[in-house]
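Report on the following structure.
Computed over heavy atoms, backbone and side chain alike; hydrogens, waters and symmetry mates excluded. We're numbering straight along the sequence, starting at 1.
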Amino acid sequence: MTPNSMIAQAIQRERGRVGLSLSALATKAGLAKSTLSQLEAGQGNPSVETLWSIAVALQIPFSFLFETSQPEFSLIRADEGVKLDSSVASLSTTVLSNCPPNSRRDLYRLDIAEKSIRISEPHPPGTIEHAFVASGTVKLGPLDSLETLNAGDYYRYPADIEHSYETLTETSNLMVIMESPR
């Protein structure tokens, strides 16, 4: 699925959910009806600001515009993912994962020294970990699905099974978000 088709489906889905016509949503978001029509057709190149206006008008989190059913595993390399550029600043954003309903997330920064391996026992059932490598190279994930990640890479994996973290460089720094059902 392309980023444009994902956004198109999400706008159509959410507009239908709240019962707004194309014209009504365009007015509420401060956009031309033709612009919104193009986006719903999977065409155009929307900026962060355009999509933000649509999300605000629909009263949904920004990440809902990129919502698809998530696989159990998701690996996004530094040069991959749905990237959106700002039209008013030198900024781009890549949605790595949105928070599903009825979940909670804890955020951790891990600093790992060379030749260090941490094997983690399984967390409670349904727990998912999201790992984003800020610096260095790390081998991590479930023991039967280990992946080597470099700076900028992202990996989503089940953490209710034994998993590990191992730095392959002098030091590594990563962000880990632990998501568990309420």
task = Rounded to the nearest 0.5 Å, what's the gap from CG on Leu75 to OG on Ser145? Could you check?
result = 11.0 Å
ask   = Taking the side chain from Lys28 and the backbone from Ala57, do they hold a donor-acceptor pair closer than 3.5 Å?
value = yes
ask   = If Ile, Leu, Val, Met, Phe, Trp and Tyr residues are connected whenever their side-chain heavy atoms lie under 4.5 Å apart, and connections chain through other members, are Met6 and Leu25 in the same group?
value = yes
ask   = Hey, does Glu129 have a side-chain heavy atom less than 4.5 Å from the side chain of Met178?
value = yes
request  = Any chance you could measure Ile128, atom CD1, to Asp160, atom CG, to the nearest 0.5 Å?
outcome  = 6.5 Å
key: Separation of Leu31 CG from Leu36 CG (nearest 0.5 Å)   = 6.5 Å
query = Do the side chains of Ile161 and Ile117 join up, straight or via other hydrophobic residues, at under 4.5 Å, putting them in one cluster?
reply = no
request  = Starting from the C-alpha separation in whole Å, work towards a yes-or-no answer on side-chain contact (heavy atoms from CB on, under 4.5 Å) for Arg77 and Leu149.
outcome  = CA-CA 8 Å; Arg77 298 290 183 189; Leu149 280 69; 4.3 Å; yes
side-chain contact (heavy atoms from CB on, under 4.5 Å) assessment of Ser74 paired with Tyr154 = CA-CA 8 Å; Ser74 177; Tyr154 162 82; 4.0 Å; yes
ask   = Hey, does the side chain of Gln12 reach the backbone of Glu40 with a donor-acceptor pair shorter than 3.5 angstrom?
value = yes
Spatial distance of atom CG (Asn45) from atom CD (Gln38) [nearest 0.5 Å] = 11.0 Å
request  = Would you check if Ile60 and Leu65 make a side-chain contact, meaning some heavy-atom pair closer than 4.5 Å?
outcome  = yes
key: Closest heavy-atom pair and its distance - Thr167, Thr169   = OG1-O, 3.2 Å
task = Report yes or no: do Leu22 and Val56 belong to one cluster of Ile/Leu/Val/Met/Phe/Trp/Tyr joined by side chain heavy-atom distances under 4.5 Å?
result = yes
query = Are Leu174 and Leu168 connected, step by step, through hydrophobic side chains (Ile, Leu, Val, Met, Phe, Trp, Tyr) whose heavy atoms are closer than 4.5 Å?
reply = no
request  = Drop me the distance from Glu14's CD to Gln9's CD, to the nearest 0.5 angstrom.
outcome  = 12.0 Å
key: Residue pair Phe64 / Leu58, side-chain heavy-atom distance below 4.5 Å   = no
Could you tabulate the donor-acceptor pairs under 3.5 Å formed by side-chain atoms of residues 132-144, not counting sequence neighbours?
{"residue": "Thr137", "atom": "OG1", "partner": "Asn150", "partner atom": "OD1", "Å": "2.9"}

inquiry  = In the structure I gave you, are the side-chain heavy atoms of Ile7 and Ile54 within less than 4.5 Å of one another anywhere?
reply    = no
Heavy-atom donor-acceptor pair, Arg105 side chain to Glu179 backbone, under 3.5 Å = no
message = I need the minimum non-hydrogen distance between Ala24 and Ser21, along with the two atoms involved.
response = N-OG, 3.0 Å
inquiry  = Return the CD1 to NE2 distance between Ile119 and His163, rounded to the nearest 0.5 Å.
reply    = 10.5 Å
query = Same cluster or not: are Tyr155 and Leu146 linked, directly or through other Ile, Leu, Val, Met, Phe, Trp or Tyr residues, by side-chain heavy atoms under 4.5 angstrom apart?
reply = no
request  = Might you point out which heavy atoms bring Ala78 and Ala151 nearest each other, and give the distance in Å?
outcome  = CB-O, 3.7 Å
task = Could you tell me whether a side-chain N or O of Asn4 sits under 3.5 Å from a main-chain N or O of Gly44, the two making a donor and an acceptor?
result = yes
